[in-house]
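Everything below concerns the one structure shown next.
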Amino acid sequence: EATVVDTPGTTTIEALCRHLDCKPYHICKTLVYVINESNIACVMVRGDYEVEEVKLKNEAIKRFQLETIETFRLAQEEELKKWFDSPKGF
């Protein structure tokens with residue numbers, strides 16, 4: 001059964017692991033990328049992994065049927081609030 005746990009001020013995997021007394025591989029993180037300013041990709045990875053951006057770009061070209069990727073960036077905090085009604089880190 002899931003339990004809700006308050007995690008004030010924990011906006012990084014490292015801080016969350018300290019707060020919960022766990023290892024990064026016990027945590028899953030979600031990163032939101034903006035591609036060509038008109039597509040978003042939400043990527044979930046294990047807390048101790050990094051996104052392989054070259055693989056993500058190649059997959060985005062296929063999934064979004066793009067000719068090329070002109071811009072590729074992590075979503076900004078204002079965008080996360082607007083799209084998901086959530087601040088960065090939650």
Side-chain angles (χ1 to χ4, degrees):
E1 183 176 323
T3 303
V4 176
V5 178
D6 286 327
T7 56
T10 54
T11 58
T12 65
I13 293 297
E14 294 78 19
L16 184 60
C17 289
R18 280 193 304 275
H19 182 77
L20 298 176
D21 191 29
C22 68
K23 300 290 183 195
Y25 55 83
H26 293 134
I27 305 294
C28 187
K29 61 185 173 183
T30 303
L31 296 119
V32 180
Y33 287 86
V34 180
I35 304 163
N36 289 355
E37 300 305 319
S38 61
N39 298 293
I40 62 170
C42 298
V43 182
M44 293 184 75
V45 294
R46 212 168 76 174
D48 59 337
Y49 284 10
E50 298 297 322
V51 173
E52 293 191 36
E53 291 185 348
V54 171
K55 289 183 178 181
L56 179 57
K57 287 178 183 179
N58 289 335
E59 188 62 27
I61 286 171
K62 289 189 285 188
R63 297 275 178 167
F64 296 127
Q65 300 176 347
L66 303 173
E67 294 290 323
T68 185
I69 292 182
E70 298 188 17
T71 60
F72 181 86
R73 62 180 175 79
L74 283 168
Q76 298 173 2
E77 188 150 1
E78 307 81 47
E79 293 168 320
L80 297 173
K81 184 72 173 160
K82 176 181 160 186
W83 297 331
F84 304 104
D85 194 28
S86 179
K88 178 181 173 184
F90 294 88

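Every heavy atom of this structure was used, including side-chain atoms; hydrogens, water molecules and symmetry mates were not. In this chain, residues are counted from 1 in sequence order.
Under the side-chain contact (heavy atoms from CB on, under 4.5 Å) rule, F64 has a single partner from I40, I69, N39, which is N39.
Note on V45: it does not cluster hydrophobically with F84, by side-chain heavy-atom contacts below 4.5 Å among ILVMFWY residues. Linking ILVMFWY residues whenever their side-chain heavy atoms come closer than 4.5 Å, directly or via other members, leaves V34 and L66 in distinct clusters. The hydrophobic cluster containing I35 also contains L74, counting ILVMFWY residues as joined when their side-chain heavy atoms lie under 4.5 angstrom apart, directly or transitively. In this structure, Y49 is not a member of the same hydrophobic cluster as V32, with clusters built from ILVMFWY side-chain heavy atoms closer than 4.5 Å. With hydrophobic clusters built from ILVMFWY side chains whose heavy atoms lie under 4.5 angstrom apart, V43 does not share a cluster with L16.
Rounding to the nearest 0.5 Å gives a distance of 7.0 Å between CD of E53 and CG of L56. Distance check: N36 CG to E70 CD gives 5.5 Å after rounding to the nearest 0.5 Å. Here the CD atom belonging to E67 is positioned 10.0 Å from the CD atom belonging to Q65, to the nearest 0.5 angstrom. Taking NE2 of H26 as the start and CD1 of I13 as the end, the distance is 12.5 Å to the nearest 0.5 Å. Taking NZ of K57 as the start and CZ of F72 as the end, the distance is 5.5 Å to the nearest 0.5 Å. A distance of 15.5 Å separates NZ in K88 from NZ in K81, rounded to the nearest 0.5 Å.
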What do the steps show when you test T10 against L20 for side-chain contact (heavy atoms from CB on, under 4.5 Å), and what is the final call? CA-CA 10 Å; T10 54; L20 298 176; over 6 Å; no

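Salt-bridge formation is detected for the pair K29/E50: a Lys NZ or Arg NE/NH1/NH2 atom is positioned less than 4.0 Å from an Asp or Glu carboxylate oxygen. Using a 4.0 Å cut-off between charged side-chain N and carboxylate O, K82 and E79 make no salt bridge.
When all heavy atoms of A15 and T12 are compared, the pair lying nearest together is N-OG1, 3.0 Å. Closest of all the heavy-atom pairs between I27 and C22 is CD1-SG, 3.7 Å.
No side-chain heavy atom of V54 sits under 4.5 Å from any side-chain heavy atom of E52. E37 is listed as a side-chain neighbour of R73, based on a closest heavy-atom distance under 4.5 Å. Side-chain contact between E77 and P87: present, with at least one pair of heavy atoms (C-beta onward) separated by less than 4.5 Å.
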